[in-house]
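Read through the structure below, which is laid out as C-alpha cells, and then see the notes.
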There are 2 protein chains.
Amino acid sequence: MSNQPGHRDRKKAATRQVISDVATRLFVERGFENVSIDEIARETGVARKTVFNYFPRKEDLVFDREEESRELVRQALAARGGQPPIRAFQTLMRALLEDRHPIFRINQRPIRFWRTVADSPALVTHARKLQGTLADDLAGMLADAAGKPPHDPHARLAAAMLMDTLVIAYGEALRAFREKRKPAAAFADVMERGFAGVNAALAGTVYV
Amino acid sequence: MSNQPGHRDRKKAATRQVISDVATRLFVERGFENVSIDEIARETGVARKTVFNYFPRKEDLVFDREEESRELVRQALAARGGQPPIRAFQTLMRALLEDRHPIFRINQRPIRFWRTVADSPALVTHARKLQGTLADDLAGMLADAAGKPPHDPHARLAAAMLMDTLVIAYGEALRAFREKRKPAAAFADVMERGFAGVNAALAGTVYV
DNA sequence: GCAAAACTTGCACTGAGTGTAACAATTTTC
DNA sequence: GAAAATTGTTACACTCAGTGCAAGTTTTGC
C-alpha cells in the first residue's frame, strides 16, 4: 500500500497543497489581510495549528518557491568552468529568458498573483524581504566562487544590483504585457542595462 | 504661558522623546523581540495606547528619521540647475560624505544601533522595507525631474542601484571602523563603484 | 472663565504565532 | 500481523501587536 515516497509523505504533500490552494484562492478573492488563518483552516478542514505546522508565517502561504531560483543559480555557478562568476550568472539569466523558463513566464497567472501582492502592504514587505535574502545568498555564492570572504562588499554590490535588475525587469515585463507591448523585449531592455551597469561597477575585480 | 510652539506641542514632543528613549534603551539592553509595548508604556509611565498613538508600529520606535534624508534629496533635486538628476544626486552624496554630514556619521553610536537591528529579524526586515520605499521615492523624484512617468523603469533601476550603493557603502564603512581601517575611504570606494555602475546602466538616457 | 479641540486613558476585541500534551495514524521491528 | 516506536494532528491555553471606541483630562482660543 506504499511505494518509494511512502503513504505518509504523499498525504503530507497533499495536505500542504490543499492548504496552499485554499489560501491562495481566498487571498486572491478577498485580499491577504481580509482572510484569517482560522478561516483557511476551517475551509481546508484541518486544525489551525496544522496550518502553522506547514507554513510558520502567514506570508509563507503565498511565497513558498524561493528555493527553486536559489538552486538554479547555485548550479550555474558550480558549473561555470573558468568564467568569472558574474558572467556566468548573466549567461544563465539570458538563457532562462531565451528559453522561456517558467520562472520568468508572463501571463494572466503571475499578473493576478502580483496584483494580489501589490494590494497588500504585508506582502509587499515580505516580497522585499525575500529579494533581500536572495541578494544576500547570491552575494555569498559570488564571493565564494571568487574565493573572497562572504561579506565582500563588491560581491554584495553586484548581487544587490543584479537582483534589482531582475526584479525591475520582471515588473516591467508584466506592465508591458498588460499594455500589449512585447514583454520579452521590455525585460531584455532593463536586464541589459542593469547588466552593463553591474559590469561597469565591478570592472577590474575578479568577479567580472 | 506659551510661546511659538505652544505648551501642548512641547509636551507632546517631550513625551514622544521619553517614550523613544526608554524604548531604545530597553531594545539595546535586551533585544527588540524581548521587550513588549506594555513594558515600554509601564516604564515610561504612560498608557499602552499612548505609545501606539505616537508610534503606530513597534518598529517605528526604532526608525523614525527617514523623512530627513528624503527632504535632503528633494531639495538637491529641486536646486540642481541644468544638471541631469542622477548627476545632481551623486554630487549631493559626495558632498555629504566630504562634509561629514551626520547622516553618514560613523562612530560607536550607529555601530551599537545597527548591531541591535542586525540582531532582530523583524528590524532587519523593516530596514529593508524602508530602503525599498526610499528607493521608490527616489525613483519618483528622478522621473519627475526628468519629465518621465513615475513608474519609468530606468528611474526605478537607477534609484534601486543608488540606494543599494549607499546602504552597502555605509555598511562597509561601519565594518572598516570596527576593523580600524579608514571608514571614509571604504565608503568612497563602494560609492564610486556604484555610481560608475549606475552611470553606465543609464548611459544615453535623460537621467545622466 | 467657558466651550471647543486635542490628547490620554481604559476596555474590550481580533488575529498571528507559540508551547505543550494528548491522541491518532503510519512505519518499523520481530 | 501485532506490538512498539515514530511522526503528524489536534485541542487548549497563552502572549503580544494592533484597532476601535467612548469617557475623561488638558490645552487653547475667545
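Proteins get letters first, then strands, A, B, ... in listed order; numbering begins at 1 in each.
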Heavy atoms under 4.0 Å is the rule here; annotate nucleotides 1-7 of chain D 5' to 3' with B where the base is hit, S where only the sugar-phosphate is, and - elsewhere.
-----BB
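- One interatomic measurement links the two molecules: CD1 of B/I40 to C1' of D/dC16, which rounds to 12 Å at whole-angstrom precision.
- To the nearest angstrom, C1' of C/dT18 lies 14 Å from CD of B/E33.
- A close approach under 4.0 Å does not occur between any side-chain nitrogen or oxygen of B/K49 and OP1 or OP2 of C/dT9.
- Rounded to whole Å, the distance from CZ on A/R57 to C1' on D/dC16 is 13 Å.
- Atom-to-atom, CZ of B/F55 to P of D/dT19 comes out at 15 Å; the value is rounded to the nearest Å.
- Applying the ring pair (Phe, Tyr, Trp, His ring centres under 6.0 Å) criterion to A/F195, with sequence neighbours excluded, gives no partner residue.
- Take B/F32 and apply the ring pair (Phe, Tyr, Trp, His ring centres under 6.0 Å) test, not counting sequence neighbours, and it matches B/F27.
- Toward the 5′ end of DNA chain C lies the nearest nucleotide of B/T15, the other residue of the pair B/T15 and A/P56 mapping further downstream.
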Full working for salt bridge (Lys or Arg N to Asp or Glu O under 4.0 Å) between B/R16 and B/D64
CA-CA 11 Å; B/R16 184 192 172 86; B/D64 61 336; 3.4 Å; yes
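- Atom CZ of A/F52 and atom P of D/dA13 are 18 Å apart (whole Å).
- Proximity of a side-chain donor or acceptor of A/R80 to a complementary backbone N or O of A/L77 within less than 3.5 Å is detected.
- Under 3.5 Å, the side chain of A/R48 and the base of C/dG15 form no donor-acceptor pair of N or O atoms.
- Minimum atom distance to the side chain of B/S36 is reached by D/dA17, of the listed C/dA16, D/dA17, D/dA11.
- OP1 and OP2 of C/dC7 both lie 4.0 Å or more from every side-chain N or O belonging to B/Y54.
- Comparing C/dT9, D/dT10, C/dA16 against the side chain of B/A47 picks out C/dT9 as the nearest.
- A/T50 has no side-chain polar atom (N or O) that falls below the 4.0 Å cut-off from OP1 or OP2 of D/dT9.
- One atom, CD of A/E39, and another, P of C/dG15, lie 9 Å apart when rounded to the nearest Å.
- Salt bridge present: A/R25 and A/E29 bring a charged side-chain N and a carboxylate O closer than 4.0 Å.
- Spacing between atom CG of A/N53 and atom P of C/dA16 amounts to 16 Å, rounded to whole angstrom units.
- When the P atom of D/dC16 is taken as reference, atom CZ of B/R42 falls 10 Å away, rounded to whole Å.
- Residue B/K11 has a polar side-chain atom (N or O) positioned under 4.0 Å from OP1 or OP2 of D/dT27.
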Given salt bridge (Lys or Arg N to Asp or Glu O under 4.0 Å), test B/E66 with B/K129 step by step and report yes or no.
CA-CA 12 Å; B/E66 350 154 36; B/K129 168 177 160 176; over 6 Å; no
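- Heavy atoms of A/V35 sit under 4.0 angstrom from primed sugar atoms or phosphate atoms, though from no base atom.
- Side chains of A/Y207 and A/D152: a donor-acceptor N/O pair is present below 3.5 angstrom, by distance only.
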